[in-house]
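Below is one structure; the comments refer to it alone.
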Amino acid sequence: MTWNFDTLIQGIKLNQAADFKRINTIEFIATKVNGDIAWATYNNQAEISKNGGHVTVKWLETVILIKDKRMWKIKVLHSTLIKRS
């Protein structure tokens, strides 16, 4: 699935429950820096509560960053869904 702005806006609209709560936990597996390029691989877990229910979602993610004017900027972010429960 490719996320664009429409996907993100729709996700925000779905998360309007009065009791909505989301906590993400990130566990880094590896990080590398080579000059002005860096990449990291990590596990991302979201604990989501809304409308009296609870779901846990886990992803494996890799991000590639480029250093531009002393700031790191994301060039690529890939996310693979591991588990939804």
Side-chain angles (χ1 to χ4, degrees):
M1 175 178 184
T2 300
W3 285 23
N4 56 28
F5 282 117
D6 292 335
T7 307
L8 295 173
I9 290 168
Q10 183 62 28
I12 292 168
K13 289 179 181 177
L14 293 174
N15 296 327
Q16 297 297 318
D19 66 341
F20 178 81
K21 183 176 181 181
R22 177 176 174 158
I23 298 174
N24 279 69
T25 305
I26 294 176
E27 174 191 353
F28 284 91
I29 298 167
T31 57
K32 303 284 183 191
V33 178
N34 186 357
D36 290 344
I37 300 173
W39 58 96
T41 302
Y42 54 92
N43 290 308
N44 183 359
Q45 178 173 303
E47 298 288 338
I48 304 167
S49 301
K50 68 178 180 180
N51 300 323
H54 180 83
V55 66
T56 300
V57 185
K58 297 179 181 182
W59 301 269
L60 174 63
E61 298 184 335
T62 299
V63 63
I64 300 171
L65 306 109
I66 305 292
K67 198 171 198 179
D68 180 25
K69 298 178 185 168
R70 299 176 20 183
M71 293 181 59
W72 288 104
K73 296 183 179 181
I74 296 174
K75 287 297 182 182
V76 176
L77 174 62
H78 180 266
S79 183
T80 301
L81 179 64
I82 301 298
K83 185 177 182 180
R84 180 184 297 262
S85 60

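Position 1 is the first residue of the sequence; numbering continues from there. All values derive from a computational prediction rather than experimental measurement.
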How close do [X] and [Y] get, counting heavy atoms only, and between which atoms?
| X | Y | value |
| --- | --- | --- |
| N51 | A17 | OD1-CB, 3.4 Å |
| G52 | D19 | N-OD2, 2.9 Å |
| T56 | E47 | OG1-OE1, 2.8 Å |
| F28 | Y42 | CA-CB, 3.8 Å |

Distance, nearest 0.5 Å, that separates [atom1] of [X] from [atom2] of [Y]:
| X | Y | atom1 | atom2 | value |
| --- | --- | --- | --- | --- |
| T25 | K58 | OG1 | NZ | 10.5 Å |
| E27 | N44 | CD | CG | 11.0 Å |
| I64 | I74 | CD1 | CD1 | 11.0 Å |

Item to check | N24, N43, I26 screened by side-chain contact (heavy atoms from CB on, under 4.5 Å) with W59, the one that passes | outcome: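 Filter result, single survivor: N24.
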
Next on the checklist: Going by side-chain contact (heavy atoms from CB on, under 4.5 Å), K75 matches just one of I66, I37, L65, D68. Which one?
Outcome noted: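 Exactly one option meets the side-chain contact (heavy atoms from CB on, under 4.5 Å) with K75, and it is I66.
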
Item to check | Pair E61-T80, side-chain contact (heavy atoms from CB on, under 4.5 Å): steps then yes or no | outcome: CA-CA 6 Å; E61 298 184 335; T80 301; over 6 Å; no

Item to check | Neighbour count above 12 (heavy atom, 6.0 Å) for H78 NE2 | outcome: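 No, the 6.0 Å shell around NE2 holds no more than 12 heavy atoms from other groups.
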
Checklist entry - V55, L81: one ILVMFWY side-chain cluster at the under-4.5 Å cut-off? => result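 Result: yes, single cluster for both.
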
Next on the checklist: Before you tell me yes or no, could you show the steps for W72 and V63 under side-chain contact (heavy atoms from CB on, under 4.5 Å), namely the whole-Å CA-CA distance, both residues' side-chain angles and the distance that decides it to 0.1 Å?
Outcome noted: CA-CA 11 Å; W72 288 104; V63 63; over 6 Å; no

Item to check | Working for side-chain contact (heavy atoms from CB on, under 4.5 Å), residues L60 and I29 | outcome: CA-CA 10 Å; L60 174 63; I29 298 167; 3.7 Å; yes

